[in-house]
Structure formats: structure tokens, C-alpha cells
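Owing to the predicted nature of the structure, the values given are computational and were not obtained by experimental measurement. By convention here, the first residue in the shown sequence is residue 1.
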Amino acid sequence: MTHVYDRIFENYRVLDAQDQPVEDTYSKLAFWLEPPGCVVQRSDFSLPVDVHSDGIVKPGLFLSIVLEGSGRGGTSDGVDRHSYSDNQMLAMAVREPTLCNGDAPGGSHMRAVGVAFPLPSIQRLGLESEFTELFRTTERPVLSMTLPATPRVQALAAEMLSPTIEGQAGQLLIKAQATELLARSLFALRHRADIDPPSGNKRARLQSVKELMDADPSYPWSIAELARRAGSSRRTFNIQFRAVYGVSANDYLRNKRLGLAREALVHQNLSVTEAAYVAGYSNPANFATAFRKYFGAAPSAFRAQR
């Protein structure tokens, strides 16, 4: 008989510690939500025994918000595999059928919400380009991450798990909640950032760092120094800067410097070597390559425009 899991798995099974099939408590709690076109699974129970699940996952986006519980899951080759615990979110984008598995210890109580959007649903929602963009820098068929669930995401999961509104209004609300989780997880996977963009004090510190770069772009800023001034690690700084301004800090600074070099060539009668110095390049050849790539023409061509 057709099951809702057929929309997201090519095959699926649940086994105990002796590799014997056990009652699949998880799939009994799953249902299809249309629109937006996703599988929703609400779990609030204790596992009687250790369980292991495996199956071939179809292309799509898979989310789990774990409010309480522990376990592991991911690709069977172990590359994209994560452990999870209380108040964590797991997000996994799959672009081709992939063998995945997971396990959870018996006796633990599991309170979690899972939301799975198969690729056809993502396409109908007009998000195919955003989904494809996730894999721009990797040959892997899967992109996944685990991160702390923010208070907003925890609240969404808690209300999906225990709805406070029934009937058609309740259905409308859970559809909106699932769609919001989809949007936030796409953002998180794209930027490898916190599930919510930086705000408040974090955003203010990023802005102050950007203003320092704007005020003195020729200074040899390093990511380490910029991150220190922002009060974060290099990785977090890079992620948050891109999330707020749309480009990495390195690219922002490079573009700023090349813009100044162009102004120097056109309006200040500087030589190409002098313009390279303005842009922070010690090697004019490297400067010319970067300039041509950014503006589509050699620095000498802009100088000739004077």
C-alpha cells in the first residue's frame, strides 16, 4: 500500500539492535501537507529499544527540529553524518538519490518535528534555483548541517508538535510554519549561518567593521583582525558578513579597492602601477588580472579614457 514516505524514500526500513524489523513508530506519525507539498512528522514518545533506520532518500530538503532526544543520522558513507541532542536543528539537502541511515537509543524520549520537501514541491514553490545554488561549491550529492535551534525555530516546532488552533485555521497555520522552516533552512544551508540572520548588537558590530573597511580600504586588513573587531571567530565573521551584505568580507574589500583604483586611473592620472598600490596590490600583474575580471577591461583601457 502506498505510504506517505514513498514521496521521500525509494525504500525505507527500521531495525532493532539485532537487525530485526521493528514496528515503525516514526512513519505512523507522518502525514502529507498540501500545499506547500511536504511530509510532516510529529514525534512525542519514548523508544522501547535501540533502533536503526536506513533507506534511499529521494532529492529534496529534509529538516528535523529536536526539542528533546538524542541520536545520529546522515549519509551511510559517514561524510555527511551528525549527532543531535536537545534543541538542535538538522538540515539536509539531497540532489540525487542517496543511501542514508540513523540510529537512536532505546529508553530516550523523543520530542521532535520533521519536515521534508521533495524536489517537485521545491520546484512548484519557485525555489529550484535557490536549492541548486546550495551545491555550487561541492560535488557531493548531499549538503547537511546541525546547528542550535533558535528560540523562534523552537517555538515553531513546539506549536507544530502541540497545535493550539484546530480545524481549517489550524491547517493554515501549520502550512505557514512548514513554509517558514523551509525558507529559514535554505538560508542556513546557503550561508552556513545561524538559522536567524545576525541582529541587534551583532549586526551593529558588523556595521562598524564595514565602516572601518570603507574608511581605509587600502589598509592591509586581515580577516583575523576584522573578526576580532567584530567579536567573533573568523568562520562566524565570514558567515555573518555574507549573510548581511551578500558577499564575503574579502570580496567586499577587493571590490571596494578596485573601485578606488578605477577612480584613480580615470580621474587622478595615476599610472597602472600607482593604481595597483591604491588597490593594495604589490604585483601590478595580479592587479591587472583582478581588474580585468571585475570590470571586463584592462586598467590601461580605463586610463586611456581620460
Looking only at heavy atoms, which two atoms of Glu96 and Pro141 are closest? And how far apart? CG-CB, 3.3 Å
Might you point out which heavy atoms bring Cys38 and Pro118 nearest each other, and give the distance in Å? CA-CD, 4.5 Å
Who are the ring-ring contact (aromatic ring centres under 6.0 Å, His included) partners of Tyr252, not counting sequence neighbours? Phe241
From NE2 (His82) to OG1 (Thr146), nearest 0.5 Å: 4.5 Å
Nearest heavy atoms of Ala112 and Leu161, plus distance in Å: O-CD1, 3.7 Å
Would you indicate whether the side-chain heavy atoms of Lys58 and Ile8 approach each other to under 4.5 Å? no
Flag side-chain contact, heavy atom, 4.5 Å: Asp214 against Lys256: yes
Any chance you could measure Thr179, atom OG1, to Leu125, atom CG, to the nearest 0.5 Å? 6.5 Å
Measure from the side-chain N and O atoms of Thr289 to the backbone N and O of Phe287, and report whether any donor-acceptor pair falls under 3.5 Å. no
Listed by chain and number, what are the side-chain contact (heavy atoms from CB on, under 4.5 Å) partners of Ile223, not counting sequence neighbours? Leu226, Arg234, Phe237, Asn238, Ala249, Asn250
Using the rule given for side-chain contact (heavy atoms from CB on, under 4.5 Å), can you reason through Asn11 versus Arg13, listing the C-alpha separation, both sets of side-chain angles and the distance that settles it, and then say yes or no? CA-CA 7 Å; Asn11 58 57; Arg13 61 178 185 168; over 6 Å; no
When you compare the side chain of Glu159 with that of Gln177, does any pair of heavy atoms fall below 4.5 Å? yes
Quick check: do Leu33 and Gln171 have side-chain heavy atoms less than 4.5 Å from each other? yes
Between the side chains of Ser129 and Thr132, is a donor N or O closer than 3.5 angstrom to an acceptor N or O? no
Using the side-chain contact (heavy atoms from CB on, under 4.5 Å) definition, which of the options Ile56, Leu119, Val142 pairs with Val94? Val142
Give me the atom names and distance for the closest heavy-atom approach of Val4 to Ala30. CG1-CB, 3.7 Å
Are Tyr219 and Leu212 joined in one hydrophobic group, where the rule is that I, L, V, M, F, W and Y side chains link up if heavy atoms are under 4.5 Å apart? yes
Side-chain heavy atoms nearer than 4.5 Å, only ILVMFWY residues, links allowed to pass through others: does that put Leu29 and Trp32 together? yes
Which is it for Arg262 and Leu258 under the side-chain contact (heavy atoms from CB on, under 4.5 Å) test, yes or no, and what are the steps along the way? CA-CA 6 Å; Arg262 177 186 178 279; Leu258 290 174; over 6 Å; no
Sole residue of Leu181, Leu127, Leu189 in side-chain contact (heavy atoms from CB on, under 4.5 Å) with Leu61: Leu189
Should we count CD of Glu34 as having more than 12 external heavy atoms under 6.0 Å? yes
Spatial distance of atom CG (Asp103) from atom CZ (Arg72) [nearest 0.5 Å]: 4.0 Å
Interatomic distance, Ser64 atom OG to Leu90 atom CG [nearest 0.5 angstrom]: 5.5 Å
Could you walk me through whether Thr75 and Asn101 pass side-chain contact (heavy atoms from CB on, under 4.5 Å), step by step? CA-CA 6 Å; Thr75 56; Asn101 59 37; over 6 Å; no
If I take atom CG from residue Leu253 and atom NZ from residue Lys210, how far apart are they, to the nearest 0.5 angstrom? 11.5 Å
Could you go step by step and tell me if Glu211 and Ser208 meet the side-chain hydrogen bond (donor to acceptor under 3.5 Å, both in side chains) rule? CA-CA 5 Å; Glu211 290 172 356; Ser208 68; over 6 Å; no
Measure the shortest side-chain to side-chain distance between Met89 and Ser185 over non-hydrogen atoms and say whether it is less than 4.5 angstrom. yes
Correct closest heavy-atom pair for Ser43 and Gln41 would be OG-NE2, 3.6 Å
Establish whether Phe31 and Val115 are linked, either directly or via other cluster members, by ILVMFWY side-chain heavy-atom contacts under 4.5 Å. yes
Kindly say whether Gly106 contributes a backbone atom to a donor-acceptor pair with the side chain of Asp50 at under 3.5 angstrom? yes
Ser232 side chain to Arg228 main-chain N or O, any donor-acceptor pair under 3.5 Å? no
Co-membership, hydrophobic cluster, residues Leu173 and Val153, 4.5 Å side-chain: no
How are the rings of Phe135 and Phe131 set to each other: parallel, tilted or perpendicular (split at 30° and 60°)? perpendicular
Is there a path of hydrophobic side-chain contacts, each under 4.5 Å between heavy atoms of I, L, V, M, F, W or Y residues, that connects Val14 with Leu47? yes
Close side-chain approach of Ser70 and Ser83, heavy atoms under 4.5 Å: no
Could you check whether the rings of Tyr5 and Phe9 sit parallel, tilted or perpendicular, using 30° and 60° as the cut-offs? tilted
Interatomic spacing from CZ in Arg111 to CG in Asp86 - rounded to 0.5 Å: 9.5 Å
How far apart are the C-alpha atoms of Met92 and Cys100, what are their side-chain angles, what is the distance that settles it, and do they pass the side-chain contact (heavy atoms from CB on, under 4.5 Å) test? CA-CA 11 Å; Met92 182 172 72; Cys100 296; 4.1 Å; yes
Could you tell me whether the side chain of Val66 reaches within less than 4.5 Å of the side chain of Val113, counting heavy atoms only? no
Shortest non-hydrogen contact from Pro217 to Leu260? CG-CD1, 3.0 Å
Any side-chain heavy atom of Glu133 sitting closer than 4.5 Å to one from Arg190? yes
